[in-house]
Amino acid sequence: MDDTGPSASPGRASSEAGLRIGQLSRRVGVSPDVLRAWERRYGVLRPQRSRSGQRLYTSSDETRVRQMLGHIERGYSPAVAARLAAREGPASAATAPAADVAPTADLSALAAELRTALLGLDEARAEDVIDRLLASYALDTVLREAILPFLHDLGDLWSRGAITVGQEHFATAVITGRLHALARGWDAGVGPRAVVACPSHERHDLGLLCFALALRNRGWRVWYLGADTPAAAIDGVATQLEADLVVVSAVRAEPLVDAATDLAEIAGRRRMCLGGRGASPALAARIGAQALPEDPIAAADLVSAARNA
Amino acid sequence: MDDTGPSASPGRASSEAGLRIGQLSRRVGVSPDVLRAWERRYGVLRPQRSRSGQRLYTSSDETRVRQMLGHIERGYSPAVAARLAAREGPASAATAPAADVAPTADLSALAAELRTALLGLDEARAEDVIDRLLASYALDTVLREAILPFLHDLGDLWSRGAITVGQEHFATAVITGRLHALARGWDAGVGPRAVVACPSHERHDLGLLCFALALRNRGWRVWYLGADTPAAAIDGVATQLEADLVVVSAVRAEPLVDAATDLAEIAGRRRMCLGGRGASPALAARIGAQALPEDPIAAADLVSAARNA
Amino acid sequence: MDDTGPSASPGRASSEAGLRIGQLSRRVGVSPDVLRAWERRYGVLRPQRSRSGQRLYTSSDETRVRQMLGHIERGYSPAVAARLAAREGPASAATAPAADVAPTADLSALAAELRTALLGLDEARAEDVIDRLLASYALDTVLREAILPFLHDLGDLWSRGAITVGQEHFATAVITGRLHALARGWDAGVGPRAVVACPSHERHDLGLLCFALALRNRGWRVWYLGADTPAAAIDGVATQLEADLVVVSAVRAEPLVDAATDLAEIAGRRRMCLGGRGASPALAARIGAQALPEDPIAAADLVSAARNA
DNA sequence: ATAGGTTTTGTCAAGCTTTTGTACAT
DNA sequence: ATGTACAAAAGCTTGACAAAACCTAT
């Protein structure tokens, strides 16, 4: 097994913490006392705690310590080494020699870093990059320039067999979690109501999630039903809410085709849009819905503009 | 998911169940006592029972134990190892006991940490805490439970001389920056239009900023003019946009009183609300506006609900 | 920020600081006592100081010492060798930063679009333009070529009555928000510490914000106190942090004049610079501070360069 | 170069709690 | 088989300490 130990599987990502101080100490060759002192004095490490107060370190804490050791060996005092390590962030210093971390890294650099982090199963770093992206750029931009291109890539890589299913799952899980977090409180307020879902047998809902975020960002109230939702369920929610809009999206055409009859029935009573690569204008026409562009942001613009017009 | 046993398919489980504790113990090299303790303490194993109550383990229990041993060997404590093994196993979701880690982000703990960080002039840590808050809680919650109480405290501490003006300025600057960042893209979309400002001579606009965020979160499009805005300016923007609502907020009453005549003039043509501690119902009535509760979130609720009603 | 690599700009050097005297001594083979003596007598080295006063050398200090050693070996007296080394030093850092690469969007067109968007109260578009600016150009460039000129224009237009106060407030609010967001992580790293504020009764802090960003970009750690900060507050924070530098900036002269006595008191204990249009060399001299050019970027260059001189 | 004072940083101890394997009584 | 008890191991916090490294000043 590799030296990152327990971090290989996707679901574990956010709760990977588990190393206790003694073990970390043995791994990096720094006494527990020193580890605690470093935490207290420089705040380099901020391990999770168990309910009883025991420190639980992640493997990124381990690399952090190693970075510090590297700096110390190079002659820096522990205090300085700590600041340097802190500034390097969760990312590994080994690969980025002396590159100063810019306060405002540029968009494509951040996008690239996100990709590296996610394919490298480094969740902490991925979260950090997403934080920096969102801090520096508007949500639409982050989605359009970083998240969506990455998802696109991911599909490519996967279909070429260039990455493992585990990597794909991991990346998907991290992004999903993050986008969902952004989407809290979707249904509050005054905007028009949209019900948003993938049809039965369509399990890829990340594009839909981006679309939903963009739509929310344009003032809509969104009820997000997610992947694999039967047409009847969509209809039920839409009816209960008296939704102004129903959006159904799929990557492949089949799920939409299969649900076409039921969807047409809904479209007869309510504004409906079809999104995703699986939605052709022809199919939309047959169902009585509006076809949306493949790009989720553009789709949100279109939906939103149509209403204003 | 089923609750009858540890493996995914019930049928197979029962057909395989048969290992008794002594046998399993010898196979995996873990004493029966320990196996029982693990079951009791971590719930890793849930063997079937024979008629007489004896434990009957399946082969998947065996792999489960081996996984645990592997994790322990890699340095994890038995408690953590159990959690990890539970995650991996086929029956993960159903049987996994609550993880033993302290909740990553306890709201009040995070709020306290935010306070410590800001008063200690530690920006990086403050940002980190805010990140964690936003990652775990809805914006409304973060504002209501962490940001606003802190701002309140800040006023208190300052008036009691418990903190320096410098600390107050610093904290204000950090929070302002952060909230503004959250507010990007305020005017996009389809919602009703609100113009939001403090009157001339009112320079505290943080409460207003929270209100604006909450309002945006409820689907409104917001134009934020900020502190110290003359009534004429407010009117100009409101007219240019054909705003549906104008909100004016002040901590003290004077700025509102001073601007009362001009504001009344605007209120004659447009829905207007007065917010902040400086806004009394009496004053609002005189101006022809609606008084809002002091709490920005409640105010946003009210504004938003009134429109829906 | 530039993209020329880690060692090109003078400010960058200071962010690398961290070597303590013992380590430097071992590296170059000169005793700590001698290093201190050279510093005192010839001023060849001007290391940063840690909070407790420890000297923190950069790697360029190391080459400086080596140059001196070379000259001494060639027979010059230490005094002469020091002068020679001093003359050589700065020259080595003379590699000019490269221009921005391959602009994806035309700078002046984007600047114009920004202006249109902001004056038209179109926030979403403004944010998008800023995103594109930041994605294509270095921060310094964006500030110098787009943001600052626009702010300048804004003042002009306003004074000519060509725009309403509302437009001005709106534009200011958007830009403020954006710049604050870029400023995350201001206090990270190991660079020298700067406290940055406008004096009491000065409420325009946008120029200061640009300056602070530029300074941060040159490796300084910045504590931003913002507008309208009493001298006592500035002093308090500077003391708490043992800041290496205090910068006070105002658009008009009065606020600075009013605070002159208190500021002079601070300047007696700490390096201080005065910035903004309100800062005249005469006033600076009276206070015992250094006057900075009006242009925030140039000011940051000066502050940062002076340190290595 | 020396002297005298301060800061930094790794270590250690005391006192207490939690974890966990093992033992024992029912 | 179950539940309780127990003790060793490992942690936690607080506080203190001493060697090393620095600082200033003479």
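In what follows, chains carry the letters A, B, and so on, assigned in the order in which the sequence lines appear, proteins first and then strands, with residues in each chain numbered from 1.
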Considering only [options], which nucleotide approaches the side chain of [X] most closely?
X	options	value
A:Gln54	E:dA1, D:dG10, E:dC12	E:dC12
C:Arg55	E:dC23, D:dT20, E:dT13	E:dC23
C:Ile21	E:dC23, D:dG10, D:dC12	E:dC23
B:Ala79	D:dT20, D:dT2, E:dC23	D:dT20
B:Asp33	D:dT11, D:dG10, D:dA23	D:dA23
A:Ser52	D:dT18, D:dT9, D:dT8	D:dT18
B:Ser31	D:dT20, D:dT22, E:dT13	D:dT22
B:Arg40	E:dT4, D:dT11, D:dG21	E:dT4
A:Tyr42	D:dT9, D:dG21, E:dC12	D:dT9

Handout entry: Residues C:Asp244, C:Arg271: salt bridge by 4.0 Å N-O rule
Key = no
Handout entry: N-O pairing of C:Glu242 and C:Arg193 below 4.0 Å
Key = no
Extract all donor-acceptor atom pairs below 3.5 Å that involve side chains of residues 30-38 of chain C and protein atoms in other chains or at least two apart in sequence.
| residue | atom | partner | partner atom | Å |
| --- | --- | --- | --- | --- |
| C:Ser31 | OG | C:Asp33 | N | 3.4 |
| C:Ser31 | OG | C:Val34 | N | 3.1 |

Handout entry: E:dC23 OP1/OP2 closer than 4.0 Å to side-chain N/O of C:Arg36
Key = yes
Practice task
Tell me whether the OP1 or OP2 atom of D:dT20 has a side-chain N or O from B:Trp38 closer than 4.0 Å.
Solution key: no
Exercise for the section: Assign C:Arg20 to base, sugar-phosphate, or nothing according to its heavy-atom contacts below 4.0 angstrom with the strands shown. Expected result: sugar-phosphate
Practice task
Remember a base hit wins even if backbone is also touched, and classify A:Ser77 as base, sugar-phosphate or nothing at under 4.0 Å, heavy atoms.
Solution key: sugar-phosphate
Fill in the blank from the handout: The reported gap from CG in C:Asp235 to CD in C:Glu265 (rounded to nearest 0.5 angstrom) is 6.5 Å
